[in-house]
Amino acid sequence: MINGDMEKLYPSAKILVRDRVASRIHQKDASLYDFSSEVQSCAENFMGWVDLGTNPPLPVQEVQAFADEVVASGIDTVVLIGQGGSTQAPMTITKYNKPDRNRVTFKTLDSDSPVRLREVIATCNPATTLVIISSKSGGTIEPRMALAALRPTFEEALGAQEAARHLVAITDPGSDLERQAHEEGWLKVLSGEPSVGGRFSALSVFGLLPAALVGINLEELMQHAATAERLCSEDAIDNPAVNLAAFLFDNYQKGRDKFSFLTPKRGRVLGLWIEQLVAESLGKNGKGILPNIEVDSLLLADDPQDRSVIMYQTRADLWDESKNFEMSLAYIDPAIPRQSYKVESALELAEHFVMWEYAIAMCGYLMQVCPFDQPDVAAAKAEVLNILREGQPQPDFVENFTDEILMGQVEANVSPQFKGYDDLRGVLKALFGSIQPGDYFALNAFLPYCGEGRREALEAIRHDVAEAFSVVSSLEVGPRYLHSTGQLQKGGSNEGVFLVLSADELKDVPLPSVAPSLGALARAQASGDLITLADRGRRAVHLHLPDNSGVTLRCLAEVVKDTLAEVMIERTIGEELESADWPEGQSE
């Protein structure tokens, strides 16, 4: 049973019940989305997720048996290579389950960072490691390049033939990845269901194999999913998906087009999955709802009037952690609408996957947008491929990174609003000075998040912007976000302000094709993101730093902090001048 606290009934719940939206979704009735022929056609092809719990296309017993055989063979580490929906749900399931009883060490590689690649290689033994390559299309550039970078280590240790026996493919039938796996003699190929889109694939084989490998009983997991499907397909006011959809939509209608997701640390991996589902499904045609994983409830002490709050209580490893989270909620302005849920075990995640998937499909109906496509993700991919063919665009300006210490040069590219600036502090001042109430800020970082000081510096930038302007502020991991919030950033309303970061690599990893190296791929993706954002009129700056060391990122955080202070001082002075009671006949 889905454990949640629905505080009030929202009006659009009655519309959803009246129009039988829940049952029609469950029946895969694509005519529900008949507000355009293109949307209806898309829905006809991508509603296979609605009954995965009760009617899985691949028998769960087969997946469970294969996972058990793998572990029995001596495999103690699993590396999942993928991107977007192919990795987000597995990351959520395996990380949530880890503190309890994961029977193998599970690592996810969805980064272009050579730092992250080396970290994964250094912490696994090829002889006892299974590598899963998950890609619905089989052609997504990030997993292809990650496998190309990782594979030489395995072949050097095991030989080419034995290394292939440590590879498993999860992909849709007929893909190039399926063909490659069969030709090279990989251990296993598991077929996805073409009618299930990536972000709706949590309860397909893409999510089930990782769950089984870490020790989750799939039959029990799917029992929870089946129960949730029965609840969420009922045309009833007490349907939890109806309630959640109405909460999101009615607040959206009132200008609260963002929600802050608060949870103890263990639950934030669920927030990442929710972030992709909501942002990529609804962020298009100038519309959208922005999810934001928030770690500081004090930023919500005063109602900013543009967001709601969704809180998840999860099992915590320590009593103090749970108590600290409960205490933090007391500081949230009671005027901010909120919903509360609870997840006790990894098995219960299945219920919440189903509830959110049904709710977001309902929001698509209410908002009149297609919840199953991602048009702006494809546009950004095309731009990256063009850069890899034609070369990097020339920077708008280059300067020494700091005046005090010679750390190398920073290269900047800017959207048209900021053309003409030729120094770092000036362009950052213009970028942050453009932030207004109701906007949001995203730090889109194609950088490693491991290693001392890196993530802390990036979190400091995100937090300082949020605190200065009382706006939603998010730290987005590149290239992961391109397949997630990247859709909303480009296809949603023009409320975003973006700082895109990439950096030279101290020790890059060469690639055999497509891109010369992992670092070059990351930079191309950052540049492509800036170009695509700029083409859509977004306010954006891309900084390519001299390196990605912790000290360099801390220096950037200091520059941002100083710049924010300047912006706020000027705003304060401007407000005082506007409100000043000038003597008659005297003006500013």
Quick one: does Leu488's side chain get under 4.5 Å of Leu290's, heavy atoms only?
-> yes
Any donor-acceptor N/O pair, Asn292 side chain to Val472 backbone, under 3.5 Å | no
Ion pair present between Asp51 and Lys28, side-chain N to carboxylate O less than 4.0 angstrom?
-> yes
Can the positive tip of Lys258 be found less than 6.0 Å from the middle of the six-membered ring of Tyr440, inside 45° of the ring normal?
-> no
Pair Arg523 + Asp112: basic N to acidic O under 4.0 Å = no
So Asn444 and Gln489, side chain to side chain donor-acceptor pair (under 3.5 Å) or not? Walk me through it.
-> CA-CA 11 Å; Asn444 296 343; Gln489 290 178 4; 3.0 Å; yes
Indicate, with yes or no, if the rings of Tyr481 and Phe446 have centres closer together than 6.0 Å.
-> yes
Just do the side chain to side chain contact (heavy atoms under 4.5 Å, CB included) check on Ser474 and Leu443 with the steps written out, would you?
-> CA-CA 6 Å; Ser474 60; Leu443 182 60; over 6 Å; no
Show the numbers, then the answer: is there a side chain to side chain donor-acceptor pair (under 3.5 Å) between Ser86 and Lys136?
-> CA-CA 7 Å; Ser86 297; Lys136 276 186 64 63; over 6 Å; no
Looking just at side-chain N and O atoms, do Glu178 and Thr171 make a donor-acceptor pair shorter than 3.5 Å?
-> no
Within-4.5 Å side-chain heavy-atom neighbours: Val78 and Thr129 | no
Got a second to check how far Leu277's CG is from Ser484's OG, nearest 0.5 Å?
-> 9.5 Å
Side chains of Ile289 and Phe259: closer than 4.5 Å at any heavy-atom pair?
-> yes
Side chain to side chain contact (heavy atoms under 4.5 Å, CB included) between Leu482 and Asp529: does it pass, once the steps are laid out?
-> CA-CA 8 Å; Leu482 293 175; Asp529 194 40; 3.6 Å; yes
Answer yes or no: is there a side-chain heavy-atom contact under 4.5 Å between Ile81 and Val131?
-> yes
Would you check if the side chain of Glu229 reaches a backbone N or O of Thr54 as a donor-acceptor pair within less than 3.5 Å?
-> yes
So, for Arg315 and Ser345, which heavy atoms are closest and what is the spacing to 0.1 Å?
-> NH2-CB, 4.5 Å
Straight-line distance of Glu357 CD to Leu203 CG, nearest 0.5 Å = 6.0 Å
If we ignore angles and hydrogens, is there a donor and acceptor under 3.5 Å between the side chains of Glu142 and Gln525?
-> yes
Could you check Ser260 against Ile310 for side chain to side chain contact (heavy atoms under 4.5 Å, CB included), going step by step and ending with a plain yes or no?
-> CA-CA 6 Å; Ser260 294; Ile310 292 179; over 6 Å; no
N/O donor-acceptor pair under 3.5 Å between Glu505 side chain and Lys507 backbone | no
ring-ring contact (aromatic ring centres under 6.0 Å, His included): which pairs involve residues 199-219, sequence neighbours left out?
-> Trp49-Phe200, Phe200-Phe372
Donor-acceptor under 3.5 Å (Lys284 side chain, Gly492 main chain) = no
Glu326, CD: over 12 other non-hydrogen atoms inside 6.0 angstrom = yes
Do NZ/NE/NH1/NH2 and the carboxylate oxygens of Glu183 and Arg179 come within less than 4.0 Å?
-> yes
Interatomic distance, Cys124 atom SG to His166 atom NE2 [nearest 0.5 angstrom] | 11.0 Å
Distance-only, no hydrogens or angles: does the Asn125 side chain make a donor-acceptor pair with backbone N or O of Ala127 under 3.5 Å?
-> yes
Taking atom CG of Leu475 and atom CG of Leu458, what is their separation to the nearest 0.5 Å?
-> 5.5 Å
Tightest non-hydrogen contact, residues Leu218 and Val60, listed as CD1-O, 3.8 Å
Backbone N or O of Asp508 within a donor-acceptor pair of the Ser517 side chain at under 3.5 Å?
-> no
Please step through side chain to side chain donor-acceptor pair (under 3.5 Å) for the pair Asn243 and Gln339, ending with a clear verdict.
-> CA-CA 10 Å; Asn243 187 275; Gln339 291 273 60; 2.6 Å; yes
When rounded to the nearest 0.5 angstrom, what distance separates CG in Asp176 from OG in Ser135?
-> 9.5 Å
Is it possible for you to check whether Arg266 lies under 6.0 Å from the centre of the six-membered ring of Tyr96, through NZ or CZ, and within 45° of that ring's axis?
-> yes
Is any side-chain heavy atom of Leu187 closer than 4.5 Å to a side-chain heavy atom of Phe66?
-> yes
For the pair Arg454 (side chain) and Leu553 (backbone), establish whether a donor and an acceptor sit closer than 3.5 Å, ignoring hydrogens and angles.
-> no
Using ring pair (Phe, Tyr, Trp, His ring centres under 6.0 Å) as the criterion, list what pairs up with Phe261, not counting sequence neighbours.
-> Tyr312
Supply the atom-to-atom distance Lys381 NZ to His483 NE2, rounded to the nearest 0.5 angstrom.
-> 5.5 Å
Where do Arg230 and His26 land on the side chain to side chain contact (heavy atoms under 4.5 Å, CB included) test, with the steps shown first?
-> CA-CA 9 Å; Arg230 287 193 292 272; His26 188 66; over 6 Å; no
Are any side-chain N or O atoms of Ser137 and backbone N or O atoms of Gly139, one a donor and one an acceptor, separated by less than 3.5 Å?
-> yes
Output yes when Arg116 and Asp110 qualify as a salt bridge under the 4.0 Å nitrogen-oxygen rule, no when they do not.
-> no
Val509 and Ala149 have their tightest heavy-atom pair at CG1-CB, 4.0 Å
Looking at Ile2 and Cys232, what are the two nearest heavy atoms and their distance?
-> CD1-SG, 4.2 Å
Side chain of Gln487, backbone of Gly283: donor and acceptor closer than 3.5 Å?
-> yes
Validation row: Arg199, Trp273 side chains within 4.5 angstrom (heavy atoms) | no
For residues Arg268 and Val295, determine if any side-chain heavy atom of one lies less than 4.5 Å from a side-chain heavy atom of the other.
-> yes
Least distance between heavy atoms, Val104 atom then Thr77 atom = CB-N, 4.4 Å
Nearest heavy-atom contact between Pro173 and Pro194 is CD-CG, 4.0 Å
Can Thr140 and Gln83 be counted as having a side-chain donor-acceptor contact under 3.5 angstrom?
-> no
Does the pair Glu348 and His352 meet the rule for a side chain to side chain donor-acceptor pair (under 3.5 Å), with working shown?
-> CA-CA 7 Å; Glu348 292 180 8; His352 292 264; 5.3 Å; no
Side-chain donor or acceptor of Asn102 paired with backbone N/O of Thr105 under 3.5 Å | no
Any Lys/Arg nitrogen of Glu459 or Arg462 sitting under 4.0 Å from an Asp/Glu carboxylate oxygen of the other?
-> yes
Check ion pair Glu184-Arg151 (N to O, under 4.0 angstrom) | yes
Got Arg480 and Leu272 here, is their nearest side-chain heavy-atom distance under 4.5 Å?
-> yes
